[in-house]
*Asks:* 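Take a look at the following structure, please.
Labels below follow one simple rule: chain letters A, B, ... track the order of the sequence lines, proteins then strands, and each chain is numbered from 1.
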Number of protein chains: 2
Amino acid sequence: MTGRHMPDGKAKAGSGPTLVDVAQAARVSLATASRVFSHPAMVRDSTAQRVHEAARRLDFRPNLLGSKLRAQQTRMIGVMLPTMDNAVFAECWRGIEEAALAAGYSLMLVTSGYDPKRERERVEYLLRHRVDGMVLTVADAARSAVLDQLDAEGVPYVLAYNQAGARSRRHSVSVDNRGSACDGVEALIAAGHRRIVVVSGAFVASDRARQRYAGYQDAMRAHGLVPSPVLSLPSHTASNAAQLRAQIEADDAPTAFFCTNDLLAIGVISDLRRLGLRVPADVSVLGYDGIALGTVMEPALATVVQPNTDIGARAVGRLLAWLHAATGEAPAAARVTLLPHALRVSGSIAAPPGGIRPRPLRSP
Amino acid sequence: MTGRHMPDGKAKAGSGPTLVDVAQAARVSLATASRVFSHPAMVRDSTAQRVHEAARRLDFRPNLLGSKLRAQQTRMIGVMLPTMDNAVFAECWRGIEEAALAAGYSLMLVTSGYDPKRERERVEYLLRHRVDGMVLTVADAARSAVLDQLDAEGVPYVLAYNQAGARSRRHSVSVDNRGSACDGVEALIAAGHRRIVVVSGAFVASDRARQRYAGYQDAMRAHGLVPSPVLSLPSHTASNAAQLRAQIEADDAPTAFFCTNDLLAIGVISDLRRLGLRVPADVSVLGYDGIALGTVMEPALATVVQPNTDIGARAVGRLLAWLHAATGEAPAAARVTLLPHALRVSGSIAAPPGGIRPRPLRSP
DNA sequence: GTGAAAGCGCTAACAG
DNA sequence: CTGTTAGCGCTTTCAC
């Protein structure tokens, strides 16, 4: 917009000196100047020196738009995550940003809010920006219009968190949702719990929640216990207390809750407290995700820990490998990457209360 | 990379049909086809119709790179935030994304981690992408190399959270940090507290923390109380318990803590609990930020609530106004926007304990 | 090693 | 209203 000061008097309207100006100042051709930055090996050292000097003297700043357009590849990765409000994805973003920028790639972030309509819009937005590929997390990979579209158009992408099925052709980086959930529930069982209820958010919409529920079933059955149906809590607000109360006042009240994500778990712990229960003395709570916040709380949140930052970084890594394979087809090997998970069994998990189940207090 | 199917047999190597193809198919000139999308009013309806049809038939997807390069304005906003790991900025991002995309602008997000060196790199990155302007939060606006650079280059930008001084030429959107902090501390005083300590993270590095501390001093002095020096906790980990213990074991132990941000407050509450104190029965804690998580906890986090999402949206709004003013100079009026704050005085705040100060338990 | 020239896809004068 | 034309800044054959 505003004109800029030109030391040599040659005023330019636009946004600063271009490669042409640099070439001129260094008394080389445009082509050579370009090569100094793109293919340094192709140019004599002394020449490169002159060009660099000229560039520095003129405060030359390469216009990425030009190179991206011309090169027909933007070195940009589109990222679509459900929301930044869940720390899981915020932590993941850190990994994505580090990995991408380190590799000289640029990023374009959009959030979908788990809304299929917005997913389509945002993906279209990314496509118009001509991203070379995408890293994304969708609500349910198995029935995702947007993924189908990407497949049809041959756009390289890798899923983060969504765990592609063994027979899927899709690429994904995640933990073993089912297996890790099973591990978590087994820890609960090992602590002495028998009546364990799974709490989930929008259960039907989330493939991960379903996979984790399956893991819960595995663990229960492996120990001769009968799985309960999932308790689906639509929101993360305190209004969930009512549904929780119904659970804990039942005769066969659960002694432990397994929440399919940490945010939910934190809310459940608070609700339980409001209902007069102590966590973990009266009731245990296990989360899933391993967000940093969980370690800060008191009691610390017991949870299945995913390597969130690493999931992001690895997803970028896989995508880059694909992009650089340049065969147009993704490397066949290892479509689905399963990262190791960990268990944090502490704080919000304890043995179930002895013979006497404490009477929940009525809230005032 | 991969070739795409062309219905009419004219195979194209690149990434799909271009405007030229559409123009051809619609039997109009390239210029007309372009106008249909950029200046619909300039073209006859029937013609526009033909073009739209052709575009749809060919699955035409405009290449934003082309228009951005040619138009010499990218309609892109660069966003630099300290981190997504703090919910404050995640909430802010929501506002930014909504406002920008609604206005037809694209975004490019980077995080600085409060690191000045990274700030420079990331800003350079944004500049190379030729963003039209920026929305950013820096550690300390008063001594920010990156802001000075932006000023020198005449890049339009508006600060979010950083509150530009009255005599500054900079644009900012924030709450009144000092005044709102004062309000919060007065609520503490109104609840009966006299000995109040301010807890902060990297205090010297954050202009907001300093402003909020000043607000604390205002409140204390207004009530004839003597402000304590700030208790600076470098990290958000549990190791802070030691410093907190020193505070609460002192003879004139504070009855309330004012934390300069919510994340810190949550950590402090946990640490206090670990030290055997009940919040708010034994000690009160006031936060600052108003992140959603605070309402989920038990007890709910008392805090000074900023309109985080709105701060982001308004910052974009101000930047857009600036960009559209097109005079090259920012609209002189209202450089600094102060958004209203709110107080959430509940949960973690109560009257100080009666005559007897509870003895903190030693941790096992 | 280096230079000349041809565009990437699109917009914006300028004519008609 | 519509078409012709000239690039935006950069990379990349193709010669030399």
Side-chain angles (χ1 to χ4, degrees), chain A residues 1 4 12-51 54-55 58-76 104 106 127-130 132, chain B residues 1 4 12-51 54-55 58-76 104 106 127-130 132:
Chain A
M1 297 259 148
R4 286 178 78 258
K12 284 216 39 187
S15 47
T18 73
L19 242 202
V20 184
D21 301 323
V22 174
Q24 217 162 273
R27 305 173 158 280
V28 295
S29 76
L30 169 59
T32 301
S34 171
R35 281 190 276 253
V36 168
F37 297 104
S38 329
H39 306 286
M42 297 179 75
V43 56
R44 190 189 293 148
D45 272 14
S46 61
T47 318
Q49 217 41 251
R50 285 218 314 286
V51 173
L58 297 183
D59 277 324
F60 169 66
R61 176 148 45 216
N63 185 334
L64 261 25
L65 257 40
S67 37
K68 285 176 190 318
L69 176 59
R70 170 62 222 237
Q72 288 296 83
Q73 68 143 305
T74 56
R75 294 181 77 82
M76 284 211 308
S106 311
L127 256 13
R128 290 183 174 202
H129 281 283
R130 292 303 194 266
D132 290 342
Chain B
M1 298 260 149
R4 285 176 80 258
K12 284 213 43 185
S15 46
T18 74
L19 242 202
V20 184
D21 301 323
V22 174
Q24 215 162 274
R27 306 174 157 281
V28 296
S29 76
L30 169 60
T32 301
S34 170
R35 280 190 278 253
V36 168
F37 297 103
S38 330
H39 306 286
M42 296 177 77
V43 56
R44 191 190 291 149
D45 273 13
S46 60
T47 318
Q49 216 44 249
R50 285 217 317 284
V51 173
L58 298 182
D59 279 322
F60 169 65
R61 175 146 46 216
N63 184 334
L64 262 24
L65 257 40
S67 41
K68 285 176 191 319
L69 176 59
R70 170 61 223 232
Q72 288 294 84
Q73 67 145 304
T74 55
R75 295 180 77 81
M76 285 212 306
S106 310
L127 256 13
R128 289 182 175 203
H129 281 283
R130 291 303 195 267
D132 289 343

*Asks:* Measure from the side-chain N and O atoms of A:R128 to the backbone N and O of B:P62, and report whether any donor-acceptor pair falls under 3.5 Å.
*Replies:* no
*Asks:* Any side-chain N or O of A:T18 under 4.0 Å from OP1/OP2 of D:dC8?
*Replies:*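 So the side chain of A:T18 is outside the cut-off, no N or O lying under 4.0 Å from OP1 or OP2 of D:dC8.
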*Asks:* Who pairs with B:S106 by side-chain hydrogen bond (donor to acceptor under 3.5 Å, both in side chains), at least two apart in sequence or on another chain?
*Replies:*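 So B:S106 forms a side-chain hydrogen bond (donor to acceptor under 3.5 Å, both in side chains) with A:H129.
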*Asks:* Using a 4.0 Å heavy-atom cut-off, does B:L65 contact any base of the nucleic acid, only the sugar-phosphate backbone, or nothing at all?
*Replies:* nothing
*Asks:* For B:R130 and B:A48, take the nucleotide of DNA chain D holding the closest heavy atom to each; which residue's nucleotide lies nearer the 5' end?
*Replies:*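 It is B:A48, whose closest nucleotide lies nearer the 5' terminus.
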*Asks:* Let me have a per-nucleotide readout for nucleotides 11-16 of chain D, 5' to 3', with B, S or -, counting only protein heavy atoms under 4.0 Å.
*Replies:* BBB---
*Asks:* Side chains of A:K68 and A:R130: closer than 4.5 Å at any heavy-atom pair?
*Replies:* no
*Asks:* Could you give the angle between the helix axes at the two ends of the helix from C:dG1-D:dC16 to C:dG16-D:dC1, with five pairs per end, rounded to 10 degrees?
*Replies:*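 The angle, to the nearest 10 degrees, is 30°.
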*Asks:* Quick one: does A:L58's side chain get under 4.5 Å of A:V22's, heavy atoms only?
*Replies:*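 Of all side-chain heavy-atom pairs linking A:V22 with A:L58, at least one is under 4.5 Å.
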*Asks:* Let's go through A:V43 and A:T32 carefully: what are the C-alpha distance in whole Å and the side-chain angles of both, what is the deciding distance for side-chain contact (heavy atoms from CB on, under 4.5 Å) to 0.1 Å, and is it a yes or a no?
*Replies:* CA-CA 7 Å; A:V43 56; A:T32 301; 3.9 Å; yes
*Asks:* Under 4.0 Å from OP1 or OP2 of D:dG9: is there any side-chain N or O of B:Q72 that close?
*Replies:* yes
*Asks:* Output all residues satisfying side-chain hydrogen bond (donor to acceptor under 3.5 Å, both in side chains) with A:R27, sequence neighbours left out; order by chain, then residue number.
*Replies:*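 So A:R27 forms no side-chain hydrogen bond (donor to acceptor under 3.5 Å, both in side chains) with any residue.
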*Asks:* Of the nucleotides D:dC1, C:dG9, C:dC10, which one has an atom closest to the side chain of B:T47?
*Replies:*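 Looking only at side-chain atoms, B:T47 lies closest to D:dC1.
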*Asks:* My understanding is that only residues two or more places apart in sequence, or in another chain, count here; which of them pass ring pair (Phe, Tyr, Trp, His ring centres under 6.0 Å) with B:F60?
*Replies:*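 Testing B:F60 for ring pair (Phe, Tyr, Trp, His ring centres under 6.0 Å), a comparison that skips the adjacent residues, returns B:F37.
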*Asks:* Of all residues at least two apart in sequence or in a different chain, which pass the salt bridge (charged side-chain N to carboxylate O under 4.0 Å, His left out) check with B:R44?
*Replies:* none
